[in-house]
Amino acid sequence: MELVLFTIFAVLAIASALVVITQEKPIYSVLSLVVTLFSLAGIYVLLNAYFLAMIQIAVYAGAIMVLFLFVVMLLNLKDSYKIPNLKKLLGTVFGGAIALSVIFSFTKVGRALVPESEMPAGDAYNMGILLFTDYVFPFEIASILLLVATIGAIVFTKKQLKEN
Amino acid sequence: MIPTSLFLFLSAILFAIGVAGVLIRKNALVIFMSVELMLNAINLSLITFSRMHGNLDGQILVFFVIAVAAAEVAVGLALIIAIFKKNDSINVEELNLMKM
């Protein structure tokens, strides 16, 4: 049963990832990237990372992809771009070479996954305890980083307005 | 029980698709999306290794990767909008200010 679910999610993720890079119009790329992120969330559940699966759907497939969608609609790009055959060939060769070399090094990983009972579940309770005890300092730094990014985004777009 | 290597293979394939996307596309938005794809591939292998070792530290790292990715997307998209306002295009081959 687990293997069937894994196969479905994996095939869905790889197929929609291929659509992301081959699609001529950016809007279709955004929408198929949402499908990839959703199927990755399904795989996270298979790995007992329940909290991260939820975050993946809410933050990645929700917030970040809506931001991308807004920008695609805001920019109103007219030119749809056909990928030249030479570039397709080079992309396939380089991508394939990287995939094969990483897969070859991953075949050396001999250890099996631990059974579900021997590991704390990755739910909000256990993750929260870790976040607010061992990892409280990085957690606070992350909040400052998000604040800086927000201010940076505002400054970038505002400066341009003044010059016009 | 699913073997560990299957998850890692999926992660490697997604990462390679992301690299190929960065190499073959000219649209800055699609390149940015390919980078997101690579980040997600890395997240998958981190979660797999976390399950392999039976503790949650890897998942905490993924949490921070997602937080940093959110910040990166906010700044990156603001940059893309600023470039579009200046050049009327987000084709990366037309961005040759530093070459001249």
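Both backbone and side-chain heavy atoms feed into the values below; hydrogens, waters and symmetry mates do not. All values reported here derive from a predicted model rather than from experimental measurement. The chains referred to below are lettered A, B, ... by the order of the sequence lines, with proteins before strands, and numbering in each begins at 1.
Counting heavy-atom pairs under 4.5 Å between each of B:Phe63, B:Phe7, B:Phe32 and chain A puts B:Phe7 at the top. Taking B:Asn55, B:Val19, B:Leu44 one by one and counting their heavy-atom pairs under 4.5 Å with chain A, the maximum is reached by B:Leu44. Of the listed residues (B:Ile17, B:Val75, B:Leu23), the one with the most heavy-atom contacts under 4.5 Å to chain A is B:Ile17.
B:Val68 touches chain A through backbone and side chain together, each having a heavy atom under 4.5 Å away. Of the atoms belonging to A:Phe68, heavy atoms from both backbone and side chain fall under 4.5 Å from chain B. Residue contact with chain B, scored on non-hydrogen atoms closer than 4.5 Å, is absent for A:Val93. Neither the backbone nor the side chain of A:Val148 comes within contact range of chain B; no heavy atom of the residue lies under 4.5 Å from a heavy atom of that chain. Heavy atoms closer than 4.5 Å to chain B are found in both the backbone and the side chain of A:Leu18. Only the side chain of B:Phe49 comes within contact range of chain A, with at least one heavy atom under 4.5 Å from a heavy atom of that chain. Proximity to chain B is limited to the backbone of A:Thr22, based on heavy atoms less than 4.5 angstrom apart. If you measure heavy-atom distances from A:Leu74 to chain B, the contacts under 4.5 Å come from the side chain alone. Interface remark: A:Leu67 contributes backbone and side-chain atoms alike to the contact with chain B (heavy atom separation under 4.5 Å). Both the backbone and the side chain of A:Ala17 come within contact range of chain B, with heavy atoms under 4.5 Å apart. For A:Thr36, the part sitting under 4.5 Å from any heavy atom of chain B is the side chain, from C-beta outward, and nothing else.
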- prompt: Does the pair A:Val114 and B:Arg51 meet the rule for a side-chain contact (heavy atoms from CB on, under 4.5 Å), with working shown?
  reply: CA-CA 6 Å; A:Val114 299; B:Arg51 176 72 189 272; 4.3 Å; yes

message: side-chain contact (heavy atoms from CB on, under 4.5 Å), that's the test. Do B:Leu29 and A:Val30 meet it? Break it down for me.
response: CA-CA 9 Å; B:Leu29 260 176; A:Val30 175; over 6 Å; no

query: side-chain contact (heavy atoms from CB on, under 4.5 Å) between B:Leu79 and A:Phe156: does it pass, once the steps are laid out?
result: CA-CA 7 Å; B:Leu79 268 175; A:Phe156 268 133; 3.8 Å; yes

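Taking NZ of A:Lys87 as the start and CD1 of B:Ile24 as the end, the distance is 8.0 Å to the nearest 0.5 Å. Taking CD1 from B:Ile2 and CG from A:Leu3, the interatomic distance works out to 5.5 Å, rounded to the nearest 0.5 Å. Separating the CG atom in A:Asp134 from the CD1 atom in B:Ile60 is a distance of 8.5 Å, to the nearest 0.5 Å.
Taking the side chain as every heavy atom from C-beta outward, B:Ile13 and A:Ile103 approach each other to under 4.5 Å.
Under the 4.5 angstrom side-chain criterion for Ile, Leu, Val, Met, Phe, Trp and Tyr, A:Val19 has no cluster partners at all.
Minimum heavy-atom separation, B:Val30 to A:Val20: CG1-O, 3.9 Å.
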Under 3.5 Å donor-acceptor pairs involving side-chain atoms of residues 41-65 of chain A, not counting sequence neighbours:
| unit_1 | atom_1 | unit_2 | atom_2 | d |
| --- | --- | --- | --- | --- |
| A:Asn48 | OD1 | A:Tyr50 | OH | 3.4 |
| A:Gln56 | NE2 | A:Leu37 | O | 3.4 |
| A:Gln56 | NE2 | B:Asn40 | OD1 | 3.0 |
| A:Tyr60 | OH | B:Glu36 | OE1 | 3.0 |

